Amino acid sequence: MAASVAAIALWTSAAPTVTYPVYAEEWNLTPATTTTIFAIYPLVVVIALAIFGNLSDYIGRRSTILLGLGAGLIGVLLFALAQDVSWLFVGRGFMGIGVALSLAPATAAVVEFSAPGQEKRASAVTTASTAAGLVLATLIGGALIQYAPYPTHLNFWVLFVVIAVVAAFAWFLPRHTSAEAQGRWRPRALAIPRGIRKYFLIGAVAVTGAYTVGVIVLSLGADIAKELIGSDNALVNGSVIAVNAVAIGVAALLARGIRPNTLVSLGGIIAFVGVGIMLISSVDHSLVVFLVSAIITGVGYSFLFSGGLGVVSAKAPAHHRAGTISTVYLVSYLVQGATALYLGAVATASGLETALVIGAGVVAVFSLAALILSVALGRGVRATAATA
């Protein structure tokens, strides 16, 4: 159940992705506007995490997850009813609040609800679940947009129903766990527990590297497929993005026995190579090369994300696990939002190819930084304690 909440968080995040070209055509939106719609989400996530990041450590995973799913429902409803772009900005804000409240508690809960001795699988389960959410968002969204009526609305009505069903089942999660902190919750700055700061640095840079890959795929991917690769079919464009998500999930499951620090190192190399191949695909306008790059960047994302969270969770104190994971997400979403805004401005002023080149450079910086940090600082991270 906790894993399904993580899947819903990413489905909600990615649901508008294949709709952006439709909005752009119907409402005459520029790439800067569509990427701003995307960027509102991570920026709101950052603010909400800064305030509520440790909430579930005090009131419980179940209560915080239900609050997050409720906010997500409001955001999706606004998209389903949207009459102009202002509805989308408000809807993305509520989506960001929903994900901020639900994703970190769900990530921690996957660890805590695992059977004894199975905790190290939690990283793979969480990564695979989020990948499943991306696949559902892009394939279901692409199919509904291309072949069903109301292309800018029906996709979100379907997601609204799914979130409501998940929330109904989430009601039966345990109300409390032994990992909760003592005392009453109050807003406070997120903090990194002493003794794990070098591991936090590795994890935060690795997850941020994964999220910069996500900026390219989720905020620009549909436009890249449409304008650079030459496809006008929303399902085809969604399927291209789904290939990336499938690679994320499969890689996470196949690599679940690898030490988190090793995953970070491998992920940095693979993501770097993947965005290089994506640049080649944009120059050659080749769908085949783009698909290859989608698979490779998916594997790189998977290793960076799973390894980064695993490194942090291996060392985070149980009663501050959600707060520590929230801080990782806060850093990652902040960089993701800022990168999306900048790339949108570049795409509007100079074209998608220029934006893709700059985006690839950002991915390269974080990928190589994660690789260097994991080699220099990562000794001592144990796979037996790896979590997501």
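Since we're looking at a predicted model, the values are computed, not measured.
- Nearest heavy atoms, A106 versus V5: CB-CG1, 3.8 Å.
- Residues K198 and L373 fail the side-chain proximity criterion, which asks for heavy atoms closer than 4.5 Å.
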CA sep, side-chain torsions, deciding dist, call: T30, T33, side-chain hydrogen bond (donor to acceptor under 3.5 Å, both in side chains): CA-CA 5 Å; T30 65; T33 303; 3.2 Å; yes
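- Looking only at side-chain heavy atoms (C-beta outward), L77 and W87 stay at 4.5 Å or farther from each other.
- The environment of CH2 in W171 is sparse: at most 12 heavy-atom neighbours from other residues, nucleotides or ligands sit within 6.0 Å.
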Step-by-step side-chain hydrogen bond (donor to acceptor under 3.5 Å, both in side chains) determination, S332 to T208: CA-CA 4 Å; S332 303; T208 301; 3.2 Å; yes
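- Separating the NE2 atom in H153 from the CD atom in Q83 is a distance of 6.0 Å, to the nearest 0.5 Å.
- Annotation: side chain of F366 is not in contact with side chain of Y211 (no heavy-atom distance under 4.5 Å).
- No side-chain heavy atom of L371 sits less than 4.5 Å from a side-chain heavy atom of V264.
- In this structure a side-chain-to-backbone donor-acceptor pair under 3.5 Å is missing from S302 to V299.
- Side-chain contact between Y23 and V85: absent, with no pair of heavy atoms (C-beta onward) separated by less than 4.5 Å.
- To the nearest 0.5 Å, atoms CG (L341) and CD1 (I40) are separated by 7.0 Å.
- Not one N or O on the side chain of S13 forms a donor-acceptor pair closer than 3.5 Å with the backbone of A9.
- Here the CD1 atom belonging to I97 is positioned 12.5 Å from the CZ atom belonging to R92, to the nearest 0.5 angstrom.
- In terms of modelled atom types and a separation under 3.5 Å, the side chain of T130 and the main chain of T127 share a donor-acceptor contact.
- The line from CG of L88 to CD1 of I37 is 5.0 Å long, rounded to the nearest 0.5 Å.
- The cluster map of Ile, Leu, Val, Met, Phe, Trp and Tyr, joined by side-chain heavy atoms under 4.5 Å apart, puts L101 and I74 in the same cluster.
- Atom CG of L66 is separated from atom CG of L173 by 7.5 Å, given to the nearest 0.5 angstrom.
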Pair S265-S374, side-chain hydrogen bond (donor to acceptor under 3.5 Å, both in side chains): steps then yes or no: CA-CA 6 Å; S265 300; S374 67; 2.6 Å; yes
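- The shortest distance between side-chain heavy atoms of W11 and L134 does not fall below 4.5 Å.
- Counting only distance, with no hydrogens or angles, the side chain of S293 and the backbone of F290 share a donor-acceptor pair below 3.5 Å.
- Summarising the local packing, CZ of F89 is surrounded by more than 12 heavy atoms from other residues, nucleotides or ligands at distances under 6.0 Å.
- Nearest heavy-atom pair across V328 and F200 is CG2-CE1, 3.5 Å.
- Annotation: ring pair (Phe, Tyr, Trp, His ring centres under 6.0 Å) contacts involving residues 61-82, sequence neighbours excluded, comprise F79-F156.
- Note: I202 CD1 to I372 CD1 = 12.5 Å, rounded to the nearest 0.5 Å.
- A perpendicular orientation is assigned to the rings of Y333 and Y41, their planes being inclined by more than 60° (bins at 30° and 60°).
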